[in-house]
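For reference, the structure is listed below as structure tokens.
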Amino acid sequence: MSVRVRFSPSPTGDLHVGNVRTALFNWLFARHEGGTFILRIEDTDQSRVVPGALESIAETLRWLGLEWDEGPDPKDPARYIGEHGPYVQSHRLDIYQKAARQLLDAGQAYLCFCSSQRLDEVRKDQQRRKLPPKYDRRCRDLPSDDRAQFEAQGITPVFRFRTPLAGQTTYRDVIRGDLIFENDTLDDFVILKSDGFPVYHLASVVDDHLMAISHVFRGDEWISSTPRHILLYDAFSWEPPTFAHLPTILGTDGARLGKRHGATSVLQFRDQGFLPETLFNFLGLLGWSLDDRTEVIDRDTFVRHFSLERILKSPAIFNVEKLTWMNGVYLRALPVEELAERLRPVLEAAVGPLDREYLERIVPLIHERIKLLPEAVALSGFFFQEGELDYTLEDMLGKRFADDDAQAADALEAVLAGIDGLEPWAHDGLEGAIRPLAQELGYKTGELFGLIRVAVTGKTAAPPLFETMAVLGQQRTVERLKSARRRLR
RNA sequence: GCCCCCGUCGUCUAGAGGCCCAGGACGCCACCCUUUCAAGGUGGAGACCGCGGGUUCGAAUCCCGCCGGGGGCACCA
């Protein structure tokens, strides 16, 4: 039997890391098994649909390289890819209505005319009496006279599933083993709403069957709903798929990921300067591991080794610090030209159009110093700055020259003299001219270099001095040294 | 209230009865390298394996109870 899995988000907003981890595991399993990865949009609650959410979902998946084999065509919402479509549930209403009708005719479902007010009252009363809130089955065996009366009043009924009153419903979860539920803890849930839309349970069961889904990987918040789904498969005489309920991803405080946790949307992480390969790797390791030591894993290795057996049961807290470390790892692994191109948009937004050659000389200097793309701006800004640098005398003078402006000025003077007319203007020549000066003037190299560093970059922490001066160019370097000298007068 | 799931360093995890007085990674702290910052290297602190009982010659690993955390119980998904 061929492996067919689906990722089926609701278009209610951006995908957060939990959703995406679910998508990733589905995708990995499909690729590992040579199966099919399907994207399905579950928009049966029209009131919650957010415009643009579908586009955002597609963008997130594409950014991470989780391409789907069947699903909506991102280029044209009216079309779709695959033979089991459409893949947007609101385009499949007739299918669900037919299915609901089928259950009704078979006596597996019934019409319910109860108003939402009555339902609310029943629920409130049950809660007040510390009873589990459950539909009281008022319409389960409604005499046909009553039904005719309700219909005459023009009440649109909902379809409810006729849940067995006794017995057990069980299923085997690949990750958690056998799960057993008493049917009397379940109630007669709605399958078709009065607006003609199905409820999740019906829609997903019908679609998973029609789309020949073999494995359902989804968040573990669905564990308690699964018996309902099993009951539905039974009612239709369909073979249920294999279920695997993935552990939750929690926020730093151990609570469910939500608005209070800073960035949780994957697109936000992208905008903060994380690379897609970082998110892919990191999310792939939340609830799954390759072995006892490997942390950095490329996508081919993930695909090759992904296995159900190594999926964890326990929830994981999303640790941004480790994510940031990992981004540094991926950044450092990037070839210079590629990093330059990824950095270009970020830098150009800050300093304007960039010369390719200049950029590619700067990138190696900040390469192993950035963990996030936008950090490049702060780290390399002085390379692009025109005119005077902004720094304090205190920073420039450091401990050694703190009370001795005149000595600092003399030192700078000596440096200027040393590099005057230097040819070629490159690392080795600069070092050859400046390093001996420290000893001649009686300073430690670090003391002299520190002075120059701030004069030239405006910062106490910067890339290696001579490389920096070489890339910065003779004219700018000399200008800045002179400017620093002037400030000391 | 009822039902279900989960429980190894702060965090991500390895561990499927003896290899574990528990290994790796992030973070943290030292030291080394070094012109600063990074990167890299070495070392360290950090987990009485949620707690209490069993079973066993032997348990993080098996069983029971408890506690803690999370989820579900909608004409939401």
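Quantities reported herein were computed from a predicted structural model and do not represent experimental measurements. Below, chains carry the letters A, B, ... as their sequence lines are ordered, and counting in each starts from 1.
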For I311(A) and I175(A), work out which heavy atoms get closest and say how close.
->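 Closest approach of I311(A) to I175(A): CG2-CD1, 3.5 Å.
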What is the distance, to the nearest angstrom, from the [atom1] atom on [X] to the [atom2] atom on [N]?
{"X": "L339(A)", "N": "A39(B)", "atom1": "CG", "atom2": "P", "answer": "15 Å"}
{"X": "K444(A)", "N": "U34(B)", "atom1": "NZ", "atom2": "C1'", "answer": "14 Å"}
{"X": "E368(A)", "N": "A39(B)", "atom1": "CD", "atom2": "C1'", "answer": "4 Å"}
{"X": "I317(A)", "N": "G7(B)", "atom1": "CD1", "atom2": "C1'", "answer": "12 Å"}
{"X": "I191(A)", "N": "C76(B)", "atom1": "CD1", "atom2": "P", "answer": "13 Å"}
{"X": "M396(A)", "N": "U35(B)", "atom1": "CE", "atom2": "C1'", "answer": "17 Å"}
{"X": "Y135(A)", "N": "C75(B)", "atom1": "OH", "atom2": "P", "answer": "10 Å"}
{"X": "Q126(A)", "N": "C3(B)", "atom1": "CD", "atom2": "P", "answer": "16 Å"}

Give [X] one of three labels, base, sugar-phosphate or nothing, depending on what nucleic acid heavy atoms sit under 4.0 Å from its own.
{"X": "L448(A)", "result": "nothing"}
{"X": "E321(A)", "result": "sugar-phosphate"}
{"X": "F181(A)", "result": "sugar-phosphate"}
{"X": "R48(A)", "result": "base"}
{"X": "P247(A)", "result": "nothing"}
{"X": "L312(A)", "result": "sugar-phosphate"}
{"X": "G287(A)", "result": "sugar-phosphate"}
{"X": "R310(A)", "result": "sugar-phosphate"}
{"X": "S10(A)", "result": "sugar-phosphate"}
{"X": "V158(A)", "result": "base"}
{"X": "A316(A)", "result": "sugar-phosphate"}
{"X": "P9(A)", "result": "nothing"}

For nucleotides 67-72 of chain B, tabulate all protein N/O to nucleotide N/O atom pairs closer than 3.5 Å, reporting atom names and distance.
residue	atom	partner	partner atom	Å
G71(B)	N2	S224(A)	OG	3.2

With a 3.5 Å cut-off and just heavy-atom distances, do the side chain of K313(A) and the base of C6(B) make a donor-acceptor pair?
->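 Answer no: no donor N or O sits under 3.5 Å from an acceptor.
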Go through the N and O atoms of the side chain of R176(A) and the base of C5(B), and report whether any donor-acceptor pair is under 3.5 Å.
->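 Not at all, since no donor on one side and acceptor on the other fall under 3.5 Å apart.
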Going by the rule ring-ring contact (aromatic ring centres under 6.0 Å, His included), which residues pair with [X] if we only count those two or more places apart in sequence or in a different chain?
{"X": "W68(A)", "answer": "none"}
{"X": "H16(A)", "answer": "none"}
{"X": "Y233(A)", "answer": "none"}

Check against ring-ring contact (aromatic ring centres under 6.0 Å, His included), F243(A) and Y171(A) | CA-CA 8 Å; F243(A) 290 98; Y171(A) 69 97; 5.7 Å; yes
Identify, between R369(A) and Y200(A), the residue whose nearest nucleotide on RNA chain B lies closer to the 5' end.
->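 Counting from the 5' end, the first nearest nucleotide belongs to R369(A).
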Nearest-nucleotide comparison on RNA chain B, the residue closer to the 5′ end among S314(A) and L119(A) =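 Result: S314(A).
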[N] versus [M] - spacing of their [atom1] atoms, nearest Å:
{"N": "C6(B)", "M": "G43(B)", "atom1": "P", "result": "38 Å"}
{"N": "A14(B)", "M": "A25(B)", "atom1": "P", "result": "15 Å"}
{"N": "G58(B)", "M": "C48(B)", "atom1": "P", "result": "24 Å"}
{"N": "A39(B)", "M": "A30(B)", "atom1": "P", "result": "15 Å"}
{"N": "G72(B)", "M": "A77(B)", "atom1": "P", "result": "14 Å"}
{"N": "C57(B)", "M": "U13(B)", "atom1": "C1'", "result": "32 Å"}
{"N": "G70(B)", "M": "C75(B)", "atom1": "P", "result": "26 Å"}
{"N": "A16(B)", "M": "A60(B)", "atom1": "C1'", "result": "11 Å"}

[X] has a side chain; which of [options] sits nearest to it?
{"X": "T44(A)", "options": "C6(B), A77(B), G1(B)", "answer": "A77(B)"}
{"X": "P464(A)", "options": "U36(B), C12(B), G1(B)", "answer": "U36(B)"}
{"X": "V190(A)", "options": "C75(B), U11(B), G1(B)", "answer": "C75(B)"}

In terms of the angle between their ring planes, are F269(A) and F274(A) parallel, tilted or perpendicular, with boundaries placed at 30° and 60°?
->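 Perpendicular.
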Measure up the H201(A) and W222(A) rings against each other and bin them: parallel (under 30°), tilted (30 to 60°), perpendicular (over 60°).
->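 It falls in the perpendicular class, over 60°.
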Does R129(A) put a side-chain nitrogen or oxygen below 4.0 Å from OP1 or OP2 of G1(B)?
->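 Looking at the OP1 and OP2 atoms of G1(B), neither is under 4.0 Å from any side-chain N or O of R129(A).
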Determine: side-chain N/O of K371(A) to OP1/OP2 of A38(B), distance under 4.0 Å, yes or no.
->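 Result: no.
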Rounded distance [0.5 Å steps], [atom1] in [X] versus [atom2] in [Y]:
{"X": "E295(A)", "Y": "M326(A)", "atom1": "CD", "atom2": "CE", "value": "6.0 Å"}
{"X": "M211(A)", "Y": "S8(A)", "atom1": "CE", "atom2": "OG", "value": "9.0 Å"}
{"X": "S10(A)", "Y": "L54(A)", "atom1": "OG", "atom2": "CG", "value": "11.5 Å"}
{"X": "R172(A)", "Y": "I230(A)", "atom1": "CZ", "atom2": "CD1", "value": "12.5 Å"}

Taking the six-membered ring for Trp and the full ring for Phe, Tyr or His, determine whether the centres of F302(A) and F280(A) are under 6.0 Å apart.
->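 They qualify: ring centres under 6.0 Å apart.
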If G43(B) has a Watson-Crick or G-U wobble mate with both distances under 3.5 Å, name it; if not, just say none.
->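 Base-paired to C29(B).
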Can you check nucleotides 40-50 of chain B for protein contacts, nitrogen or oxygen pairs under 3.5 Å, and list what you find?
residue	atom	partner	partner atom	Å
G40(B)	OP1	R332(A)	NH1	3.4

For nucleotides 19-23 of chain B, list the nitrogen or oxygen atoms of the protein found under 3.5 Å from its nitrogen or oxygen atoms, one pair per line.
residue	atom	partner	partner atom	Å
G23(B)	N2	D292(A)	O	3.2

Close side-chain approach of N183(A) to L165(A), heavy-atom, < 4.5 Å |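 Not touching, per the 4.5 Å side-chain cut-off.
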Hey, which of V346(A), T278(A), N327(A), L275(A) is the one that makes side chain to side chain contact (heavy atoms under 4.5 Å, CB included) with L372(A)?
->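 Answer after filtering V346(A), T278(A), N327(A), L275(A): N327(A).
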Partner of D188(A) by salt bridge (charged side-chain N to carboxylate O under 4.0 Å, His left out), out of R138(A), R160(A), R140(A), R228(A) |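 Exactly one pass, corresponding to R140(A).
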